[in-house]
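One structure is given here, and the rest of the page talks about it.
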Amino acid sequence: MRRTRAILTVVTAGAVAAGGFLALSPAADAATTLGSAAAAKSRYFGTAVAAYKLGDATYAGILDREFTMVTAENEMKWDATEPTQNSFSYTSADTIVARARANGQRVRGHALAWHSQQPGWAQSLSGSALRSAMVNHITKVATHYRGQIYAWDVVNEAFADGSSGARRDSNLQQTGNDWIEVAFRTARAADPDAKLCYNDYNTDGVNAKSTAVYNMVKDFLARGVPIDCVGFQSHFNPASPLPADYQANLQRFADLGVEVQITELDIAGSGSAQADSYARVVRACLAVTRCAGITVWGIRDSDSWRASDTPLLFDGNGNPKAAYTSVLTAFGASGDPSASASASVSVSPSVSVSPSGGTAGCAATLSTNAWTGGFVTTVTVRAGAAPLTGWRVAVTLPTGAAVTNSWSSTASGSTGAVTFSNVNYNGSVAAGGSTSFGFQGTGSAPSGTPTCTAS
Ligand code: G3I
């Protein structure tokens with residue numbers, strides 16, 4: 001059972017060089033990105049990433065600002081990583097993984113075994129030769145990324161659509177019904193600390209296909225086949241809308257004891273209808289304790305595998321859509337700096353802004369959600385009367401506490417006095433403006449006054 005989360009309230013301020021923001025609302029800006037809004041609720045918010053787009057400054061800027069989890073859209077698939085049998089090609093996937101980790105983002109591995117996007121040589125194999133090739137592929141790829149992946153989609157889309165509840169007929173299925181459990185056992189041996197997921201589409205509501213997956217997960221758990229999570233792709237459009245029993249379906253899987261993850265979310269449409277559907281997905285995840293996070297399948301509408309459906313949170317120019325704001329609101333945050341943070345993010349009434357606590361130019365406020373043994377802290381950095389070109393925030397952790405993950409900043413150290421510096425896209429802050437970053441840790445949450453220093 002998940003630990004009961006208590007909300008710890010810590011809001012303090014660091015250096016203030018000039019007046020003009022002593023009246024800072026303590027509730028403002030508690031969470032102003034998708035990632036920080038989700039983190040305030042102990043969830044991640046991720047996106048699919050295409051390696052060839054990382055040179056696009058608009059794309060990369062949104063990626064680094066908004067997301068705390070990354071999935072390679074195509075670069076870890078079998079055809080990409082093993083184009084020739086037993087000859088591996090990791091360049092594009094390595095770029096995505098290294099870049100994500102350098103930015104404090106975690107990575108979902110997608111996808112080790114799948115009937116689609118197999119290299120030609122694998123498509124022509126069958127029987128024990130294909131089974132051996134699959135085991136070798138999983139072993140090599142999961143070993144290459146061992147220790148760097150939050151969760152693997154070990155097996156993708158192995159069940160048939162429709163009412164049969166049967167396995168999909170594929171070359172992998174024809175190697176024997178045990179191919180899925182062999183894939184999971186192989187992945188566990190290669191990357192023992194990663195969560196291992198089964199991932200599929202049209203399993204988002206309670207239906208024959210999702211029930212077949214449910215029964216497989218139940219059977220695996222009963223027989224000790226290693227499985228930790230189930231991914232619900234959640235590609236929605238008028239022909240396949242967000243089901244009314246979405247939350248109930250997530251919950252029934254969670255009740256088996258596995259983590260549930262929304263892995264490839266996109267929702268065709270526009271305006272308030274699209275925004276409302278996105279909000280429903282967020283609320284469903286928040287209502288299911290074991291729902292660890294949400295990944296959208298791309299950044300801008302123009303990046304989508306079905307771009308004409310405009311299914312994502314940013315338009316083709318990289319501007320946030322109504323659906324973006326509605327996701328933040330559903331998480332209890334706001335992208336509008338003048339708006340209040342969620343009532344569910346508790347903020348101490350005893351806000352203090354120290355006029356003498358540091359050297360110059362900025363103030364830092366902490367908002368922390370803590371539970372027994374861990375915490376997530378969101379930090380807002382606000383410029384004083386002059387613009388910032390860079391900043392550093394020093395936080396003192398209690399004895400025994402450690403930072404395990406941070407986003408939108410570079411952490412120096414992980415215990416004791418930890419300094420967080422801006423990354424390239426959030427060092428510049430207009431006078432009176434703000435930016436935010438966050439970190440997650442084990443042990444007791446930090447308290448006291450962080451020092452913000454303009455640099
Ligand atoms: O890179 C080549 C390019 O060189 C070539 O000119 C072009 C011509 O078609 O193809 C390009 O590759 C395409 C690739 O996307 C990169 O854009 C492939 O043809 C195309 O098939 C591939 O589509 C991907 C699709 O999976 C393949 O099944 C989509 O990008 C990707 O979003 C999609 O993702 C899947 C998930 O993995 C599993 N769940 C469903 C989801 C949506 O289909």
Side-chain angles (χ1 to χ4, degrees), residues 46-56 59 63 67 69-83 89-93 95-97 107-120 122-123 134 137-138 141 145 149-161 167-168 170-173 180 183 187 196-205 209-210 213 229-242 260-268 281 293-314 316:
T47 182
V49 166
Y52 75 91
K53 292 180 180 161
L54 291 170
D56 174 335
Y59 182 86
L63 169 61
F67 297 99
M69 185 72 76
V70 160
T71 304
E73 186 173 0
N74 288 296
E75 293 79 352
M76 282 192 193
K77 293 172 180 174
W78 199 346
D79 60 351
T81 49
E82 196 181 358
S89 163
Y90 295 117
T91 308
S92 295
T95 300
I96 291 173
V97 172
V107 180
R108 296 191 78 262
H110 176 80
L112 292 171
W114 188 22
H115 69 277
S116 183
Q117 280 182 280
Q118 294 180 1
Q123 292 176 35
M134 178 193 82
H137 178 75
I138 293 171
V141 176
Y145 291 109
I149 301 296
Y150 170 70
W152 284 104
D153 290 330
V154 177
V155 170
N156 198 36
E157 303 175 3
F159 281 81
D161 291 316
R167 295 280 185 86
R168 176 189 297 276
S170 71
N171 60 347
L172 290 168
Q173 180 62 30
I180 298 180
L196 305 181
C197 297
Y198 176 80
N199 189 51
D200 215 329
Y201 67 91
N202 284 354
T203 50
D204 310 301
K209 186 175 177 181
S210 64
V213 175
C229 38
V230 176
F232 299 84
Q233 294 187 9
S234 305
H235 294 293
F236 298 126
N237 57 43
S240 178
L242 172 59
V260 297
Q261 303 172 8
I262 296 162
T263 52
E264 303 182 17
L265 177 64
D266 51 20
I267 306 177
V281 171
I294 297 172
T295 294
V296 289
W297 205 240
I299 297 178
R300 300 162 301 197
D301 285 335
S302 50
D303 301 316
S304 171
W305 65 296
R306 51 184 208 191
S308 61
D309 284 350
T310 62
L312 295 173
L313 298 176
F314 295 88

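We count ligands from 1, going down the list as the structure has it; atoms in each ligand are counted the same way.
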Q | Shortest protein contact, atom 32 (O) of ligand 1 (heavy atom only) | A | Glu73 OE2, 2.4 Å

Q. Is the closest side-chain heavy-atom distance between Val281 and Leu265 below 4.5 Å?
A. yes

Q: Ignoring hydrogens and angles, tell me if any N or O in the side chain of Gln123 forms a donor-acceptor pair with the backbone of Gln118 under 3.5 Å.
A: yes

**Q.** Close approach, Tyr52 and ligand 1, non-hydrogen under 4.0 angstrom
**A.** no

Q: Give the numbers and elements of all ligand 1 atoms closer than 4.0 Å to a heavy atom of Glu157.
A: 38 (C), 39 (N), 40 (C)

Q) Between His110 and Thr295, is any pair of side-chain heavy atoms under 4.5 Å apart? A) no

Q: Mind running side-chain hydrogen bond (donor to acceptor under 3.5 Å, both in side chains) on Glu157 and His115 for me, showing each step along the way?
A: CA-CA 8 Å; Glu157 303 175 3; His115 69 277; 4.6 Å; no

Q: Kindly state if atom 38 (C) of ligand 1 has a protein heavy atom within a strict 4.0 Å cut-off, that is, under 4.0 Å?
A: yes

Q) Would a search of protein heavy atoms around atom 1 (O) of ligand 1 find one under 4.0 Å away? A) no

Q) Nearest protein heavy-atom contact for atom 26 (O) of ligand 1: which residue, which atom, what distance? A) Lys77 NZ, 3.1 Å

(Q) If you scan the protein for heavy atoms around atom 15 (O) of ligand 1, do you find one that is closer than 4.0 Å? (A) yes

Q.
Please list the nearest protein heavy atom to atom 40 (C) of ligand 1 with its residue and the distance rounded to 0.1 Å.
A. Glu264 OE1, 3.2 Å

Q) So, Arg168 and Asp200, do they make that salt bridge, N to O below 4.0 Å? A) no

Q. Nearest to atom 34 (O) of ligand 1, what protein heavy atom do you find, and at what distance?
A. Trp297 NE1, 3.2 Å

Q. Has ligand 1 got any nitrogen or oxygen that is less than 3.5 angstrom from a nitrogen or oxygen of Gln233?
A. yes

Q | atom 11 (C) of ligand 1: any protein heavy atom closer than 4.0 Å | A | no

Q. Within the structure, does at least one protein heavy atom fall under 4.0 Å of atom 6 (O) of ligand 1?
A. no

Q) Within a strict 4.5 Å, meaning less than it, do heavy atoms of the Tyr198 and Val154 side chains meet? A) no

Q.
Given 3.5 Å as the limit, does a donor-acceptor pair link the side chain of Asp301 with the main chain of Leu312, or not?
A. yes

Q) Going through the checks in order, is the side-chain contact (heavy atoms from CB on, under 4.5 Å) test met by Trp114 and Trp78? A) CA-CA 8 Å; Trp114 188 22; Trp78 199 346; over 6 Å; no

(Q) Strictly less than 4.0 Å: does any protein heavy-atom distance to atom 21 (O) of ligand 1 fall in that range? (A) no

Q. Any sub-3.5 Å donor-acceptor pair from His137's side-chain atoms to Ala113's backbone N or O?
A. no

Q) Going by the order shown, which atoms of ligand 1 are within less than 4.0 Å of some heavy atom of Asn156? A) 38 (C)

Q.
Could you check whether atom 42 (C) of ligand 1 has a protein contact, counting only heavy atoms that fall below 4.0 angstrom?
A. yes

**Q.** Check: Thr81 side chain, Lys77 main-chain N or O, donor-acceptor pair, under 3.5 Å
**A.** yes

Q) Where is the tightest heavy-atom contact between Arg108 and Cys197, given as atom of each residue plus distance? A) NH2-SG, 3.7 Å

(Q) Is there a side-chain contact between Asp204 and Phe236 in this structure, where contact means two heavy atoms from C-beta onward sitting under 4.5 Å apart? (A) yes

Q. Are Arg306 and ligand 1 in contact, using a heavy-atom cut-off of under 4.0 Å?
A. no

Q. Which protein non-hydrogen atom lies closest to atom 25 (C) of ligand 1, naming both residue and atom, and how far is it?
A. Gln117 OE1, 3.7 Å

Q. Can you list the ligand 1 atoms lying under 4.0 Å from a non-hydrogen atom of His235?
A. 40 (C), 41 (C)

Q | Backbone or side-chain N or O of Asn74 under 3.5 Å from ligand 1 N or O | A | yes

